[in-house]
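Since the structure is predicted, the reported quantities are computational estimates derived from the model, not experimental observations. Each residue takes its place number in the sequence, starting with 1.
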Amino acid sequence: EVQLQAFGGGSVQVGGSLRLSCAASGFTFDDYAVGWFRQAPGKEREGVSCISASGGRTYYMESVEGRFTISSDDAKNMVYLHMNSLKPDDTAVYYCAARFSLVPGTVWMTQTDFGSWGQGTLVTVSS
């Protein structure tokens, strides 16, 4: 059974940093693209970042480009979202999701592209 667990959220001040982690069980990330999504209060869920199954390609939404970095550690079967220079607008529940992918280098960024989801982890950025 494919399961994902996202953790690492917390409360930080503006300009601070957090690292979110996504752990997988029942499968390895080698054959899966992994995306991070977030949902702020009263807003729709949006795609934040994605890393391809090969790890060779990444994608970021415009508002986090240059501040967030997605990475994978195959040995630990983990995917991370490093978040720097956090802003109040980054406050949201963050989710990781995975999609089986036979095409290395392909990224996806819509919710319906992903079949496996972890529970969310809350990130709160205060000024």
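Within 6.0 Å of CD in Q13 there are 12 or fewer heavy atoms belonging to other residues, nucleotides or ligands.
Rounding to the nearest 0.5 Å gives a distance of 14.0 Å between OG1 of T58 and CZ of F68. Q111 contributes atom CD, which lies 5.0 Å from atom CZ of R45 (distance to the nearest 0.5 angstrom). Between the CG atom of L102 and the OH atom of Y32 there is a distance of 9.5 Å, given to the nearest 0.5 Å. A distance of 4.5 Å separates CG of D74 from CG of D30, quoted to the nearest 0.5 Å. In this structure, the separation between CE on M109 and SG on C50 is 5.5 Å, given to the nearest 0.5 Å. Note that CZ of R99 is 9.0 Å distant from OG1 of T112, once rounded to the nearest 0.5 Å.
A chain of hydrophobic side-chain contacts below 4.5 Å, direct or via other Ile, Leu, Val, Met, Phe, Trp or Tyr residues, connects V14 to L18. Using a 4.5 Å cut-off between side-chain heavy atoms of Ile, Leu, Val, Met, Phe, Trp and Tyr, with links allowed through other members, L81 and F29 fall into the same hydrophobic cluster. Taken together through direct or relayed side-chain contacts under 4.5 Å among Ile, Leu, Val, Met, Phe, Trp and Tyr, M78 and Y94 form parts of separate hydrophobic clusters. Y59 and V64 end up in different hydrophobic clusters when Ile, Leu, Val, Met, Phe, Trp and Tyr side chains are linked at under 4.5 Å. A single hydrophobic cluster is not seen to contain both F37 and L20; linkage of ILVMFWY side chains at heavy-atom distances under 4.5 Å, directly or through other members, places them apart.
Under the 3.5 Å distance criterion, the side-chain polar atoms of Q119 are left unmatched by any main-chain donor or acceptor of Q5. In this structure a side-chain-to-backbone donor-acceptor pair under 3.5 Å is present from S52 to R57. A distance-only check finds no donor-acceptor pair linking the side chain of Y95 to the backbone of A6 [under 3.5 Å]. Of the possible donor and acceptor atoms, one in the side chain of S101 sits under 3.5 Å from a partner among the backbone N and O of V103. The closest donor-acceptor contact from the side chain of T91 to the backbone of V125 lies under 3.5 Å.
With a 4.5 Å cut-off on side-chain heavy atoms, R67 and Y60 do not count as touching. With contacts defined as side-chain heavy-atom distances shorter than 4.5 Å, the pair R38/D90 qualifies. Counting only heavy atoms from C-beta outward, the side chains of S17 and V12 never approach each other to under 4.5 Å. You'll find the side chain of W36 reaches within 4.5 Å of the side chain of V79, heavy atoms only.
For the pair R19 and Y80, the cation-pi criterion (under 6.0 Å, within 45° of the ring axis) is fulfilled.
Closest heavy-atom contact between A53 and D31: CB-C, 3.8 Å. A pairwise comparison of heavy atoms in C22 and L4 identifies SG-CD2, 4.0 Å as the closest pair.
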Yes or no on ring-ring contact (aromatic ring centres under 6.0 Å, His included) for F100 and F27, after CA distance, side-chain angles and deciding distance?
CA-CA 10 Å; F100 181 69; F27 71 103; 9.5 Å; no

For the pair W108 and T110, evaluate side-chain contact (heavy atoms from CB on, under 4.5 Å) and give the outcome as yes or no after the intermediate values.
CA-CA 6 Å; W108 289 270; T110 58; 5.7 Å; no

